[in-house]
Amino acid sequence: MPSPFLTPNPIADADSLALLQLRRDQLVPTILRDHDDENQGYFEGKVTNTRFGSFPHSTLIGKPWGSQVVASKVDTGSRGRRPTNKRKAEDLDAPATPTATEEENKKPALRTPVAADSGFLHILAPTPEAWTLSLPHRTQVVYTPDYSYVLHRLRARPGCTVIEAGAGSGSFTHASVRAVFNGYPETEPTAKKRRLGKVCSFEFHEQRVGKVQEEIKDHGLDGLVEVTHRDVYEDGFLLGTPHTGKSPKASAIFLDLPAPWLALKHLVRNPPAGQESALDPESPAYLCTFSPCLEQVERTIRTMRQMGWLNISMVEVAQRRIDVKRDRVGLDTEGERGATVFPQTVEQAVEKLRSDEQHAKLVRENRVNRSQPDYEPIEKGDCTFHDKDFGLPKYAQGRLVHRSEIDLRTHTSYLVFAILPRAWSEEDESRCREQWPSDK
Ligand code: SAM
């Protein structure tokens, strides 16, 4: 089945991952189920309970991505469970209704959930960025500002193979598989002619391996990501059996390990006799290591130099989001906070007088609530009033200010990049001369 991370349907499907957005940066990942395995017979499906209310999955499945969904009143004692042939009606809390088969009870809800006053959420299609913000943390993770830069520098593109170690919580795994995804074999008739793109992920912590494998399967990414349980310092990056296994033929490598320099001996063009190189012989190898301390960086760079890596450079991504908005200081409470920023010109003064008068009139007529901070639209009879009705231009909503957001989630580490050129033999040289004779 195509992965919702790579080719999402326009609507939220059952048995697929969805991200339930409660606030801008508060997302709850869930696999949508139209039946509840633990409580078979509840026909609103699985229920996700949040601080903003309960959301039966029957109210989420089939919704276009981005939809707002209102919480439902879910009464666990009397929710619409229909007795099946296997159960006696009197055993159930719900009033006896005609019997249903187990199959019928697995169908999505037959009733419309009651809108509760508790709240709502937005249902979002999964993306690596949203997954990074919501995934269950088992380790430190690589965040979007870092992995977007890393993938760019590693030339990760459709069709190439990425080696990643360690897999950790799978944050980088999801971002990298999207970067190299080149279509599904069964849906792309031309797939045989081109490389499909793959992520070969290595991790030595057994439970983490199991968890990442489970998530990869749930997210429809198996076949595109291969997770291997391995100590890469000792056993390297070949697939299957260590040292004698198959080469992943990687052109991009990302090492998020405590001692990346110990893994470099397995990333060479000429491995010991009887072993394949883990690198793609037809491409330069692009490497990035991710380390929090400069001592680690120094040791990594020293080993890189000894092993023939070139173009070595170190980068720290210090992205900071700038929040630009209008600040209403002084707009309604001149003097109170000691700052009057409006009006600043005669035209603005006239405009403000006019809008104040208009607003006061609406308040007198009980058509707008004075305490409404932003003059939001209010309903009165069959008409709705908007900002523009009060003659309030944008600038009158306050002075334009900007603040940098200090709590942007990122795990600051030093990124060391390097390139290992492809091996170049006499044969390559003469083939090249034949192809481009003018270069002789
Ligand atoms: N990049 C990951 C992400 O974005 O979620 C986080 C990686 S986490 C910081 C580092 C991982 O490396 C840990 O899960 C650890 O178990 C693993 N690790 C450490 N040494 C290793 C080794 N020798 N071989 C394989 N994995 C190793």
Side-chain angles (χ1 to χ4, degrees), residues 5 27 29 126-154 156 162-180 199-216 218-219 221 224-243 245 248 250 252-267 278 286-293 296-297 299-300 303 315-317 319 408-417:
F5 275 91
L27 296 148
T127 61
E129 291 75 19
W131 177 246
T132 295
L133 287 179
S134 61
L135 58 79
H137 279 219
R138 301 175 285 269
T139 58
Q140 282 274 28
V141 306
V142 183
Y143 285 98
T144 301
D146 285 300
Y147 65 56
S148 45
Y149 182 72
V150 170
L151 288 165
H152 158 72
R153 287 282 305 260
L154 293 183
V162 175
I163 283 178
E164 170 206 33
S169 307
S171 168
F172 187 82
T173 321
H174 283 76
S176 53
V177 70
R178 181 185 56 186
V180 302
V199 176
C200 301
S201 186
F202 296 84
E203 169 61 56
F204 80 168
H205 189 286
E206 199 170 354
Q207 278 86 37
R208 287 180 204 150
V209 173
K211 205 69 199 124
V212 173
Q213 277 170 334
E214 199 180 297
E215 284 166 359
I216 291 300
D218 282 349
H219 301 170
L221 295 169
L224 301 168
V225 179
E226 184 169 342
V227 188
T228 303
H229 180 211
R230 174 84 55 85
D231 176 350
V232 296
Y233 301 154
E234 289 297 318
D235 294 327
F237 301 97
L238 296 180
L239 300 173
T241 333
H243 308 293
I253 305 109
F254 179 65
L255 303 181
D256 186 358
L257 296 166
W261 59 92
L262 295 179
L264 294 184
K265 57 183 175 289
H266 302 291
L267 296 168
Y286 297 93
L287 168 66
C288 175
T289 64
F290 191 69
S291 306
C293 310
Q296 290 167 305
V297 169
R299 291 193 72 169
T300 305
T303 314
V315 172
E316 184 187 1
V317 176
Q319 182 186 318
L408 184 71
R409 271 197 265 172
T410 174
H411 160 219
T412 312
S413 275
Y414 300 109
L415 302 169
V416 179
F417 293 96

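When a residue number appears, it is its place in the shown sequence, counting from 1. Start at 1 and go down the list; that is how both ligands and their atoms are numbered.
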May I ask you to list the atoms of ligand 1 that are less than 4.0 angstrom from any heavy atom of [X]?
X	value
Phe172	3 (C), 4 (O)
Gly170	5 (O)
Thr139	6 (C), 8 (S), 14 (O)
Gly168	6 (C), 7 (C), 14 (O)
Arg230	24 (N), 25 (C)
Ala167	2 (C), 3 (C), 5 (O)
Arg208	13 (C), 14 (O), 15 (C), 16 (O)
Val232	22 (C), 23 (N), 24 (N), 25 (C)

Does Glu215 come within less than 4.0 Å of Arg138, counting only side-chain N to carboxylate O? yes
Please report the interatomic distance CG(Leu133) to OH(Tyr143), rounded to the nearest 0.5 Å.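 With rounding to 0.5 Å, CG (Leu133) is 8.0 Å from OH (Tyr143).
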CG-CZ distance between Leu238 and Phe202, expressed to the nearest 0.5 angstrom: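 Nearest 0.5 Å value for the CG-CZ distance: 7.5 Å.
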Glu316 atom CD, neighbour heavy-atom count above 12 within 6.0 Å: yes
Shortest reach to [atom] by a heavy atom, considering only [options]:
atom	options	answer
atom 12 (O) of ligand 1	Gly166, Ser413, Ala259	Gly166
atom 6 (C) of ligand 1	His137, Gln140, Glu206, His229	Gln140
atom 26 (N) of ligand 1	Phe290, Phe204, Tyr143	Phe204
atom 23 (N) of ligand 1	Thr228, Asp231, Leu262	Asp231

Contact (N/O only, under 3.5 Å) between [X] and ligand 1:
X	value
Val142	yes
Ser169	yes
Phe254	no
His205	no

With Cys200 as reference, evaluate Ile253, Thr228, Leu239, Val162 under the side-chain contact (heavy atoms from CB on, under 4.5 Å) test and give the passing residue.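 Exactly one candidate clears the test, Leu239.
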Parallel, tilted or perpendicular: which fits the ring planes of His174 and Trp131, with parallel below 30° and perpendicular above 60°? tilted
Any idea how Phe237 and His266 line up, ring-wise: parallel (<30°), tilted (30 to 60°), or perpendicular (>60°)? perpendicular
So, using side-chain hydrogen bond (donor to acceptor under 3.5 Å, both in side chains) as the criterion, who are the partners of Glu164 when residues are at least two apart? Thr173, Ser201
Residues that Gln296 engages under side-chain hydrogen bond (donor to acceptor under 3.5 Å, both in side chains), provided they are two or more places apart: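 Partners of Gln296 by the side-chain hydrogen bond (donor to acceptor under 3.5 Å, both in side chains) criterion come out as none, since no residue qualifies.
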Pairwise side-chain contact, Leu135 with Ser171, heavy-atom cut-off 4.5 Å (strictly under):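 They are in contact (side-chain heavy atoms under 4.5 Å apart), so the answer is yes.
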Below 4.0 Å from ligand 1: does a non-hydrogen atom of Pro258 turn up there or not?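 Per 4.0 Å heavy-atom rule, Pro258 contacts ligand 1.
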Should Arg138 be listed as contacting ligand 1, given a heavy-atom distance under 4.0 Å as the test? no
Quick one: does Tyr149's side chain have a donor or acceptor within less than 3.5 Å of a partner on Leu415's backbone? no
Asp256 contact mode with ligand 1 (heavy-atom cut-off under 4.0 Å):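 The answer is both.
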Run the ring-centre check on Tyr147 versus Phe290 and record whether the distance is less than 6.0 Å.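 Centroid distance Tyr147-Phe290: not below 6.0 Å, so no.
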